[in-house]
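Single-structure report; data block below.
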Amino acid sequence: MQDPQLNIAMTVSCTHSEGPGKRYALWVQGCPLRCRGCCNPEMLEITPKHRLPVSQLVDDILTTKNIEGVTFLGGEPLLQASALAVLAKTLRQHGLSIMLFTGYTYHHIRKTANPDWNALLAQTDLLVSGPYDAKQRSMKRAWIGSDNQEVHYLSDRYRSLKDDPQRWRSTPNSVDIVYRNGQLTVNGFPTDALETLRTQLSKRG
Ligand code: SF4
């Protein structure tokens, strides 16, 4: 079986703050874009962080109880699209949904027609595309940082969200703060308070 590796910045095994329902969230390391106000600056450098085979991530995710899906964020997931597509395909075969955040616009993705990107999109249920734009920062939609970012329903899995856009607005943005095995992780909507906390934590290593 094909078992490519992924370069991972961080994982959170159960969060309500990165998409619909309870989700496993996976942040990849490395992004070529430089959005002003990016909330994950430590994940931008394209450098080896935690290199893990897809099979190990599959085992970890499938033993996580009561999640409805997995969210890929970063960093830029499309830089590792080939391995993420393999991971996503296996997870979907087990009934999990896939949500993907990318800094590239949908127009750019379709125009580029990169086969690896297309393979990942073929395994994606819910796509949020476009760079974070601090000038259009908004808390109007759950999980999404700025008004320019677009939502694409690439399967019927989240049709109820599509048919009821008000739910994007009525779902509150939230932050998860977890202390586990001596490690504190903070994820969720990047409020100023969250940014201050993340900065303090990264200074302490
Ligand atoms: S695309 Fe995402 S990770 Fe990359 S710089 Fe922009 S906000 Fe940061």
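All values derive from a computational prediction rather than experimental measurement. Atoms within each ligand, like the ligands themselves, are counted from 1 in listed order. Side chains included, hydrogens not; waters and symmetry mates left out as well; all remaining heavy atoms used.
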- request: Dump the intermediate steps for side chain to side chain contact (heavy atoms under 4.5 Å, CB included) on L154 and L121, then the final yes or no.
  value: CA-CA 8 Å; L154 302 184; L121 261 54; 3.9 Å; yes

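For atom 2 (Fe) of ligand 1, the nearest non-hydrogen atom of the protein is G75 O, 4.4 Å. Nearest non-hydrogen protein atom to atom 1 (S) of ligand 1 is G103 CA, 3.6 Å.
The ligand atoms of ligand 1 that sit less than 4.0 angstrom from a heavy atom of Y132 are 7 (S). The distance from ligand 1 to the heavy atoms of L33 drops below 4.0 Å at these ligand atoms: 1 (S), 5 (S).
For D60 and Y24, the side-chain atoms include at least one donor-acceptor pair closer than 3.5 Å. Side-chain atoms of T71 and R23 form a donor-acceptor pair, as typed in the model, at a separation below 3.5 Å.
For the pair L87/V54, a side-chain contact is recorded, criterion being any heavy-atom separation below 4.5 Å from C-beta on.
Between W117 and H108, the two ring planes are tilted [angle within 30° to 60°].
For atom 6 (Fe) of ligand 1, the N/O/S atoms of C35 include one lying under 2.8 Å. Counting backbone and side-chain atoms alike, C38 contributes an N/O/S atom closer than 2.8 Å to atom 8 (Fe) of ligand 1.
Counting heavy atoms closer than 4.0 Å to ligand 1, residue L44 contributes side-chain atoms (C-beta onward) but none from N, CA, C or O. Using a 4.0 Å cut-off between heavy atoms, C31 contacts ligand 1 through its side chain alone, with no backbone atom that close.
Checked against the 6.0 Å centroid criterion, the rings of F72 and W27 do not qualify as a close aromatic pair.
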